[in-house]
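Proteins come first, then strands; the chains are lettered A, B, ... in the order of their sequence lines, and each starts at number 1.
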Amino acid sequence: DGGITQSPKYLFRKEGQNVTLSCEQNLNHDAMYWYRQDPGQGLRLIYYSQIVNDFQKGDIAEGYSVSREKKESFPLTVTSAQKNPTAFYLCASRTTGANVLTFGAGSRLTVL
Amino acid sequence: EDQVTQSPEALRLQEGESSSLNCSYTVSGLRGLFWYRQDPGKGPEFLFTLYSAGEEKEKERLKATLTKKESFLHITAPKPEDSATYLCAVHPPQTSGSRLTFGEGTQLTVNP
């Protein structure tokens, strides 16, 4: 079945460490997105990419980095510069010409 | 600034007790309003897209409607399996890359 796979499901990090969250899709979608979800807040856009080798900052990009070397993959690195990284991270994708986002199951990052 | 406000924050219903969730927005020239369902610890699942005032969409016990300033998600005779957080999102007219603005969600609990 086509879909979006995020890994790991749960991740624990010590302060000062960088961590990378994986997002892989087999939907042949062109655009991919990373959102952050905190309790009581709406989804906030971190980064998005509309084509391979190109990406744009979203509303809360500080402390995060991404790459888009393959159409299927859009990994997110949470760097030590992110002051409050504990959150639920959601990856999504969209096919060209459609506005509907398909989401992965999410990755929960906890900083110890 | 484009804003999306959902109410109530939480709603508790008895099985069979119909009700409505509200999503109000301040976007002018809307390019689409989206409803998603999110179960705990999972990614959002797409329900409906509405594009113009007066439009209605239905799926099982759910019906979404749209006016110029708000959308309603009507739940008729809900069942416990309808318990979830319902998210509303809008696609503003001037944004690129389908950057959606999400509301904070309504957490629905349906008791048997």
S.K.: Hey, quick one: are A:Tyr47 and A:Met32 part of the same hydrophobic cluster, counting side-chain heavy atoms closer than 4.5 Å, chains of contacts allowed?
M.R.: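 Per the 4.5 Å side-chain linkage, A:Tyr47 and A:Met32 are co-clustered.
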
S.K.: Are there residues of residues 61-69 of chain A that reach to under 4.5 Å of chain B by heavy atoms, and which ones?
M.R.: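 Listed by number, there are no contacting residues, so the answer is none.
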
S.K.: Group every Ile, Leu, Val, Met, Phe, Trp and Tyr by side-chain heavy-atom contacts under 4.5 Å, then state whether A:Leu45 and A:Phe74 land in the same group.
M.R.: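 Unlinked, A:Leu45 and A:Phe74 end up in two clusters.
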
S.K.: State yes or no: do B:Leu47 and B:Leu108 share one hydrophobic cluster built from I, L, V, M, F, W and Y residues joined by side-chain heavy-atom distances below 4.5 Å, directly or via other members?
M.R.: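 Yes: a chain of side-chain contacts under 4.5 Å links B:Leu47 to B:Leu108.
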
S.K.: Yes or no on side-chain contact (heavy atoms from CB on, under 4.5 Å) for A:Leu90 and B:Lys42, after CA distance, side-chain angles and deciding distance?
M.R.: CA-CA 9 Å; A:Leu90 288 160; B:Lys42 297 187 178 181; over 6 Å; no

S.K.: Quick one: of B:Gly43, B:Ala89, B:Gly32, who has the most non-hydrogen atom pairs under 4.5 Å with chain A?
M.R.: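 If we count pairs closer than 4.5 Å to chain A, B:Gly43 comes out on top.
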
S.K.: I'd like to know whether CD of A:Glu72 has more than 12 heavy-atom contacts from other residues, nucleotides or ligands below 6.0 angstrom.
M.R.: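 Result for CD/A:Glu72: enclosed.
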
S.K.: Can you tell me how far apart CG (A:Leu101) and CG (B:Leu100) are? Round to the nearest 0.5 Å.
M.R.: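 One gets 4.5 Å once the value is rounded to the nearest 0.5 Å.
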
S.K.: Non-hydrogen atoms of chain B under 4.5 Å away: do they reach the side chain of A:Leu43, the backbone, both or neither?
M.R.: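 When you check distances to chain B, atoms from both the backbone and side chain of A:Leu43 fall under 4.5 Å.
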
S.K.: Is it true that a side-chain atom of A:Tyr33 and a backbone atom of B:Arg99 form a donor plus acceptor pair closer than 3.5 Å?
M.R.: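 It does not hold such a pair.
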
S.K.: Under the side-chain hydrogen bond (donor to acceptor under 3.5 Å, both in side chains) rule, what pairs show up with a residue in residues 8-20 of chain A, not counting sequence neighbours?
M.R.: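 As it turns out, the side-chain hydrogen bond (donor to acceptor under 3.5 Å, both in side chains) pairs with a partner in residues 8-20 of chain A, which skip direct neighbours, are A:Thr20-A:Thr77.
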
S.K.: Would you mind telling me which of A:Gly40, A:Gly104, A:Gly106 has the largest number of heavy-atom pairs within less than 4.5 Å of chain B?
M.R.: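 Among A:Gly40, A:Gly104, A:Gly106, the one with the most close pairs to chain B is A:Gly40.
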
S.K.: Under 6.0 Å between the ring centres of A:Phe103 and B:Tyr36?
M.R.: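 So the answer is yes for these two rings.
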
S.K.: If I measure from the heavy atoms of chain B, does A:Gln56 come under 4.5 Å with its side chain, its backbone, both, or neither?
M.R.: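 No part of it gets close to chain B.
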
S.K.: Just wondering, more than 12 heavy atoms not from B:Arg12 lying within 6.0 Å of its CZ?
M.R.: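 Counting other residues, nucleotides and ligands, CZ of B:Arg12 stays at 12 neighbours or fewer.
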
S.K.: Hey, any chance B:Phe72 and B:Ile75 share a hydrophobic cluster, counting ILVMFWY side chains that come within less than 4.5 Å of each other, even indirectly?
M.R.: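 No; tracing contacts between hydrophobic side chains, which count when under 4.5 Å, never links both residues.
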
S.K.: Roughly how far, to the nearest 0.5 Å, is the CG atom of B:Leu33 from the CG atom of A:Asn99?
M.R.: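 Rounded to the nearest 0.5 Å, the CG-CG separation comes to 11.5 Å.
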
S.K.: Is there a path of hydrophobic side-chain contacts, each under 4.5 Å between heavy atoms, that joins B:Leu11 and B:Val110?
M.R.: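 The answer is yes; both residues are in one hydrophobic cluster.
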
S.K.: Drop me the distance from B:Glu45's CD to A:Thr102's OG1, to the nearest 0.5 angstrom.
M.R.: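 The OG1 atom of A:Thr102 is 10.5 Å from CD of B:Glu45, to the nearest 0.5 Å.
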
S.K.: If you measure from CD on A:Gln37 to CZ on B:Phe102, what distance do you get to the nearest 0.5 Å?
M.R.: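 One finds 9.0 Å between CD of A:Gln37 and CZ of B:Phe102.
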
